[in-house]
Each structure stands twice: as structure tokens, then as C-alpha cells.
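Atoms within each ligand, like the ligands themselves, are counted from 1 in listed order.
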Amino acid sequence: MNQFAIITRNFSRSSAVQSAIKNVTVIGGGLMGSGIAQVAAQAGQNVTLVDDGEKFVAEAIARIKTNTDPAAASQEADLIVEAIVENMDVKHQLFKKLDAVAPGHTIFASNTSSLSINEISSVVKEDRQNNDGILRHKDLNSHLSTYSLYLHLFGGLHFFNPVPVMRLLEVVRGDKTSDDTYNTMMEWGKSVGKTCITCKDTPGFVVNRLLVPYIAEAIRLFERGDASARDIDVAMKLGAGYPMGPLELADYVGLDTNKFILDGWHSKYPEEPLFKPIPLLNKLVSEGKLGVKSGEGFYKYEKK
Ligand SMILES: CC(=O)CC(=O)SCCNC(=O)CCNC(=O)[C@H](O)C(C)(C)COP(=O)(O)OP(=O)(O)OC[C@H]1O[C@@H](n2cnc3c(N)ncnc32)[C@H](O)[C@@H]1OP(=O)(O)O
Ligand SMILES: NC(=O)C1=CN([C@@H]2O[C@H](COP(=O)(O)OP(=O)(O)OC[C@H]3O[C@@H](n4cnc5c(N)ncnc54)[C@H](O)[C@@H]3O)[C@@H](O)[C@H]2O)C=CC1
């Protein structure tokens with residue numbers, strides 16, 4: 001919950017588009033989840049924030065309901081946005097739990113940076129009609145278009161860090177995401193003030209497919225000793241107009257998250273040189289140097 005201090009800033013109700021979603025549950029209250037909870041609350045939605053670490057701060061409690069039990073927090077949710085650790089097994093465990101308790105109409109979304117939405121959603125039942133006792137469709141053999149209206153209330157909602165500032169939301173359509181679910185996710189994204197783009201369920205979607213290899217190449221450049229960290233960052237800021245250099249950005253995103261992404265892609269695509277493990281990145285993470293959140297990565301940071 002390290003970003004809750006920012007909740008006091010600009011906390012005005014957004015005049016953005018109205019969304020059909022009124023109750024949002026955000027699971028994972030770290031770097032991303034706290035920002036997602038903030039923008040939804042700013043848009044006037046009822047937000048429940050769940051974290052298993054019980055690291056809530058008083059400021060947040062005043063505006064956003066908090067909970068440590070994902071199941072209890074999902075009973076009334078129209079939309080659940082998952083922003084927990086980037087690990088398939090842990091995400092599967094969570095979604096299995098949610099699937100058993102969430103109302104039949106609840107949309108499930110993951111904020112994953114790099115994992116497949118199809119794979120994450122594979123543990124969710126194809127038809128969730130029984131959780132609230134409402135039969136969503138009477139005839140399972142009916143025409144596919146009718147069936148698919150309810151088939152997959154699951155998609156990707158990929159935000160960018162820092163969530164309150166970055167204007168983009170990638171809305172990811174899995175193979176089974178229904179048109180209704182997709183349209184509602186797009187509408188909700190606009191309601192929380194984001195510009196939405198649509199992408200297929202491919203590794204890294206759009207931004208990370210381009211950004212992560214770029215960051216990885218910068219780490220390799222530094223590892224080889226071709227330039228100092230500072231010079232690499234200054235070069236990309238002044239030579240290419242980026243707001244942050246790649247190593248600063250790696251620290252900002254979290255070196256553990258960068259490593260989770262690369263490791264996952266490397267195991268799926270072992271021949272791809274851009275996804276190969278980086279010894280320096282692995283060493284920093286094994287030393288607990290995770291970037292801004294731990295106080296040290298490629299640079300040192302003062303703890304707030
Ligand atoms: C890994 C993934 O899956 C996907 C990802 O997220 S990849 C990462 C994507 N993010 C980026 O690339 C970030 C690149 N960096 C930037 O855009 C900018 O450096 C930055 C927006 C983070 C900071 O901007 P800056 O101009 O250097 O600093 P600063 O002047 O302090 O901040 C600019 C504004 O943002 C606000 N801001 C900065 N950090 C904030 C935060 N964490 N929360 C809320 N507001 C914040 C500041 O209050 C300031 O607002 P005002 O203009 O209203 O005063
Ligand atoms: N860091 C970044 O820049 C971005 C990260 N993401 C993705 O967002 C997700 C979260 O990333 P961060 O916020 O950076 O991580 P983080 O480590 O800051 O936060 C994760 C939070 O989830 C909590 N958590 C873990 N397992 C849980 C569970 N089973 N139930 C409830 N809470 C649990 C942890 O206590 C922690 O507070 C990951 O999938 C990541 O890939 C997406 C966009 C950008």
C-alpha cells in the first residue's frame with residue numbers, strides 16, 4: 001500500500017463517462033492496486049481494496065473500504081480487478097476462490113503485465129450462473145452468440161504506473177471475452193478517465209511487448225560496461241525524449257516485476273534472445289534490490 005499517500009491529491013469526482021459498473025473490488029493493494037482503487041473512487045464508484053498484507057493506512061480507509069478476504073469483498077462487486085503478484089499459480093488460486101463466490105454478473109479482470117489472459121482465466125468456470133442462483137441461460141445448446149453473452153466475463157485491464165497520472169488503459173480481449181464484457185470494460189476505462197486501446201491476448205500486449213525488451217537491452221548495455229547507468233538514462237531522456245531513462249524506469253516498475261516478466265516469457269519462448277535471463281537483474285533481485293520500492297536498484301532511494 002505504498003502509494004496511499006497520493007490519495008489526497010486531486011481527489012475530485014471525475015466528470016468522465018458514466019459506467020454500468022458501480023461496485024469495484026481491487027485485489028492487491030501494492031503499487032498498482034492502490035492507484036486503480038484511487039482512480040475508481042475518484043470516478044465516484046464504491047471501491048473495496050483487498051490485500052493479504054493488512055498494510056492499510058488511515059487515509060485510505062476514510063475513502064475506500066478495505067478487506068483482507070477476497071471472497072467477502074467480492075459479494076457485491078460488478079467488477080473485480082486483480083493486481084496481485086505476477087505469478088500464474090498465485091493468480092489461479094485467487095480466481096478459483098473468486099469464481100466460487102462472485103455474483104453471476106461480475107466481470108473479472110487482471111492487471112497482469114505479461115501473463116496470458118486466456119491462461120489466467122482457464123480456472124474460471126465457463127458459466128457462472130449458479131453462484132447467485134440465477135439461471136443465465138436455459139439452453140446450453142442454444143446458438144453460440146446467445147451462449148457467449150455469458151460465457152466469459154473475463155478480460156485484461158492493464159494500467160500503467162503511476163496509475164493516477166498515466167492516461168492509457170489497455171483493454172485485452174481473451175479468446176472468450178464476450179462483446180458485452182469487452183464493451184463494459186471499455187466504458188469503465190473511460191469512466192475512470194483513461195484513454196483505452198484494444199489488444200489481443202499476446203505477450204506484453206502492446207506497451208510491454210515494446211518496453212520490456214527495451215529495458216532489458218539497457219540493462220545488458222550497462223552489464224557489459226558500455227556506459228554508466230546515469231549516461232544510459234541521460235542518453236534516452238535527452239536523445240529520445242523519454243520522461244525517464246530505461247534504468248530509472250526499471251527501478252520505478254520494480255526489478256522483481258521486470259524479472260517475473262522476462263522469466264515467464266523466456267520459459268515460453270526460449271529461443272527469443274530479447275527474453276533471455278539477465279545475470280545482473282537476477283543478482284539485484286536476489287539481493288532484495290527491487291528498485292524504488294525497496295530503496296535500491298540501479299540507484300539508491302531515500303525511504304519516504
Ligand atoms: C510494467 C507494466 O506492466 C506497465 C508499466 O506501468 S510500464 C511504466 C509506465 N510508466 C512510465 O513509463 C512512466 C515514465 N515516467 C513519467 O511519465 C514521469 O517521469 C512521471 C509521470 C512518473 C513523473 O513525472 P515528472 O514530471 O518527472 O515528475 P513530477 O513533476 O513529480 O510529476 C508530474 C505530475 O505527476 C504527479 N505524480 C507523479 N507521481 C505520481 C504518483 N505516483 N501518483 C500520483 N501523481 C503522481 C505529480 O504530482 C505531478 O502532478 P502535477 O503536474 O499536477 O503537479
Ligand atoms: N509495477 C508496475 O509498473 C506494473 C505492474 N503491473 C502488474 O500488476 C500486478 C501487481 O504489481 P505491483 O502492484 O507492481 O506489485 P506489488 O508487489 O506492489 O503489489 C502486489 C500486492 O498484492 C498483495 N498480494 C499478493 N498476493 C495476494 C493475494 N493472494 N491476495 C491479496 N493480496 C495479495 C501483496 O501484499 C502486495 O501488496 C502484477 O500482475 C504486475 O505485473 C501492471 C502494470 C504496471
Using a strict cut-off of 4.0 Å, indicate which atoms of ligand 1 neighbour a heavy atom of M166. 10 (N), 11 (C), 13 (C), 17 (O)

Less than 4.0 Å is my threshold; does some heavy atom of Y252 fall inside it relative to ligand 1? yes

For V253, counting its heavy atoms only, list the atoms of ligand 1 lying under 4.0 Å from any of them. 1 (C), 7 (S), 8 (C)

If you look at every heavy atom in F205 and C199, which pair is closest and at what distance? CB-SG, 3.7 Å

Y252 and ligand 2 - part of the residue with a heavy-atom distance under 4.0 Å: neither

I'd like the name of whichever of P162, P243, G254 reaches closest to atom 39 (N) of ligand 1 through any heavy atom. P162

Can you find a non-hydrogen atom of P70 under 4.0 Å from ligand 2? no

Numbered atoms of ligand 2 (with element) below 4.0 Å of N161, judged on heavy atoms: 3 (O)

Give the atoms of ligand 2, by number and element, whose distance to some non-hydrogen atom of T112 is under 4.0 Å. 39 (O)

Run the numbers for me: atoms of ligand 1, each under 4.0 Å from some heavy atom of L211, listed by number. 7 (S)

Give me the ring orientation class for F159 and W188: parallel if the planes are under 30° apart, tilted from 30 to 60°, perpendicular past 60°. perpendicular

Within the 4.0 Å heavy-atom shell around G30, which atoms of ligand 2 are there? 13 (O), 18 (O), 19 (O), 21 (C), 37 (O)

Quick one: which of N111, T257, T112, N258 gives a side chain to side chain donor-acceptor pair (under 3.5 Å) with E86? T112

Nearest non-hydrogen atom to atom 25 (C) of ligand 2 belongs to which of I84, N87, T68? I84

Mark up the atoms of ligand 2 that fall under 4.0 Å of a heavy atom belonging to G28, in ascending order. 22 (O)

Take atom CD of E287 as the centre, draw a 6.0 Å sphere, and report whether it contains more than 12 heavy atoms from other residues, nucleotides or ligands. yes

Where the closest heavy atom to atom 46 (C) of ligand 1 is concerned, which of V163, V165, N258, I215 has it? V165

For atom 40 (C) of ligand 2, tell me which residue out of S34, S113, G254 has the closest non-hydrogen atom. S113

Tell me yes or no: between the side chains of Y182 and T198, is some donor less than 3.5 Å from an acceptor? yes

Quick one: does ligand 2 sit under 4.0 Å from the side chain of Q93, the backbone, both or neither, non-hydrogen atoms only? neither

In this structure, are over 12 heavy atoms from other groups packed under 6.0 Å from K276 atom NZ? yes

Hey, which atoms in ligand 1 end up nearer than 4.0 Å to a heavy atom of M244? 14 (C), 15 (N), 19 (O), 22 (C)

SB check R220 D226 (cutoff 4.0 Å): no

What class does the angle between the rings of F108 and F95 fall in, given that below 30° is parallel, 30 to 60° is tilted and above 60° is perpendicular? tilted

Salt bridge E119-K268, side-chain N to carboxylate O under 4.0 Å: yes

List ligand 1 atoms under 4.0 Å from F160, heavy atoms only on the residue side. 4 (C), 5 (C), 6 (O)

At the 4.0 Å heavy-atom cut-off, does D51 count as touching ligand 2? yes

Out of M166, K91, M32, E82, indicate the one that has the non-hydrogen atom closest to atom 2 (C) of ligand 2. M32

Cluster link V234 to Y252, ILVMFWY, side chain under 4.5 Å: no

Answer with yes or no whether the side chains of T181 and S178 bring together a donor and an acceptor at under 3.5 Å. yes

Counting the benzene-type ring for Trp, do Y242 and Y214 have ring centres under 6.0 Å apart? yes

For atom 8 (O) of ligand 2, which candidate among I261, L31, N111 provides the closest heavy atom? N111

If you take the nearest heavy atom of each of A83, G264, A250, which one is closest to atom 20 (C) of ligand 2? A83

Nitrogen or oxygen of S113 less than 3.5 angstrom from that of ligand 1: yes

Do T48 and N67 meet the criterion of a side-chain donor-acceptor pair at a distance under 3.5 Å? no

Could you establish whether H158 and ligand 1 come within less than 4.0 Å of each other, counting only heavy atoms on the residue side? yes

For a side-chain contact (heavy atoms from CB on, under 4.5 Å) check, start with the C-alpha distance between L211 and V253, then their side-chain angles and the critical distance, and finish with the verdict. CA-CA 11 Å; L211 193 62; V253 164; 5.9 Å; no

For F160 and ligand 2, answer yes if some heavy atom of the residue is under 4.0 Å from a ligand atom, otherwise no. no

Taking only heavy atoms of H158 into account, list the atoms of ligand 2 that are under 4.0 Å away from them. 42 (C), 43 (C)

Should E187 and K190 count as an ion pair when the cut-off is N to O under 4.0 Å? no

Check: of L49, D69, V253, I27, min heavy-atom distance to atom 1 (N) of ligand 2 comes from V253

